[in-house]
Amino acid sequence: MWKGFTELRLLGLTGDVPRMFACEPAAGGPHARALAAGTPAAIVELGPTQAYGIAGPVGGHRGVRAVRDSGGEAVLVTDDEMRAAQRRLARLGVWQELSGAAGLAGYRKLARAFDGPVVCVATSGGFKDVGVGTRSYPARAGLTARDVAALLEEQDA
């Protein structure tokens with residue numbers, strides 16, 4: 001993604017490129033470690049996380065360079081923060097597995113205003129979540145919109 005923005009700027013098609021933020025599980029965070037240490041990459045010991053899609057002990061130099069060169073930062077997010085973001089996306093009709101909600105979780109964790117629009121890239125879908133399809137629920141008939149809203153509130157609690 002960063003390479004594409006850089007190429008657009010070099011071609012004169014845009015004047016600015018966005019700041020890039022690496023949103024990683026707090027259980028590891030190789031990009032965050034490399035950025036903090038001023039190194040091109042890092043290898044970290046990975047702790048337990050359910051964000052398996054982005055949980056890796058090695059951070060690539062391209063990602064570190066994109067964050068550094070764009071003036072961005074690394075944001076470590078917990079599984080609970082990603083779950084809250086995942087629930088928020090679900091309420092908006094976007095079904096993401098836990099890893100796909102890391103960008104929104106990072107944005108919410110930063111809790112600050114940015115000049116211009118913010119784009120949180122979601123890289124997967126809910127069908128990739130571990131455990132999808134392992135539970136079944138009885139069919140329910142005659143539910144009203146109010147009944148469904150109450151059920152959703154129970155799930156968020």
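Since this is a predicted model, take the numbers as computed values, not measurements.
Cluster annotation: L89 is not connected to W95 through the hydrophobic network of ILVMFWY side chains, with a link wherever side-chain heavy atoms come within less than 4.5 Å. Residue V119 is not grouped with residue L110 when hydrophobic side chains (ILVMFWY) are merged at heavy-atom distances under 4.5 angstrom, including chains of intermediate members. By the criterion of side-chain heavy atoms lying less than 4.5 angstrom apart, applied directly or through intervening Ile, Leu, Val, Met, Phe, Trp or Tyr residues, L104 is not grouped with V121; the two fall into different hydrophobic clusters.
The shortest heavy-atom contact between A85 and A101 is CB-O, 3.6 Å. Smallest separation of non-hydrogen atoms from C23 and I54: O-CD1, 4.0 Å. Residues G59 and A41 share a closest heavy-atom pair of O-CB, 3.3 Å. For T39 against V64, the heavy-atom pair with the smallest separation is O-CG1, 3.7 Å. The two residues A74 and L35 make their nearest non-hydrogen contact at CB-CD1, 3.8 Å. In plain terms, the two heavy atoms of P40 and A34 that are nearest each other are C-CB, 4.4 Å.
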Exercise. Where do Y107 and F21 land on the side chain to side chain contact (heavy atoms under 4.5 Å, CB included) test, with the steps shown first?
Worked result: CA-CA 9 Å; Y107 172 70; F21 291 78; over 6 Å; no

For this session: Tell me, with the steps shown, if V94 and Q96 meet side chain to side chain contact (heavy atoms under 4.5 Å, CB included).
Result: CA-CA 6 Å; V94 179; Q96 285 291 304; 4.0 Å; yes

For this session: Verify side chain to side chain contact (heavy atoms under 4.5 Å, CB included) between F5 and D16, making sure each step is shown before the conclusion.
Result: CA-CA 8 Å; F5 286 122; D16 296 321; over 6 Å; no

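Around CZ of R65, the count of heavy atoms belonging to other residues, nucleotides or ligands within 6.0 Å does not exceed 12. For CZ of R68, the number of neighbouring non-hydrogen atoms (other residues, nucleotides, ligands) closer than 6.0 Å is greater than 12.
From M82, atom CE reaches atom CZ of R87 across 12.5 Å, with rounding to the nearest 0.5 Å. R33 contributes atom CZ, which lies 9.5 Å from atom CG of L76 (distance to the nearest 0.5 angstrom). Atom CG of L13 and atom CG of L11 lie 5.0 Å apart (nearest 0.5 Å).
Judged by distance alone, the side chain of D79 and the main-chain N or O of T49 form no donor-acceptor pair under 3.5 Å. Side-chain N or O atoms of S70 include none that pairs as donor or acceptor with a backbone N or O of R19 at under 3.5 Å. Side-chain N or O atoms of E73 include none that pairs as donor or acceptor with a backbone N or O of V67 at under 3.5 Å.
Salt bridge annotation for R108-E81: absent, with no cationic side-chain nitrogen under 4.0 angstrom from a carboxylate oxygen.
Under the 4.5 Å side-chain criterion, counting only non-hydrogen atoms from C-beta, V44 is in contact with P30. Contact check for V75 versus E24: no side-chain heavy atoms found under the 4.5 Å cut-off.
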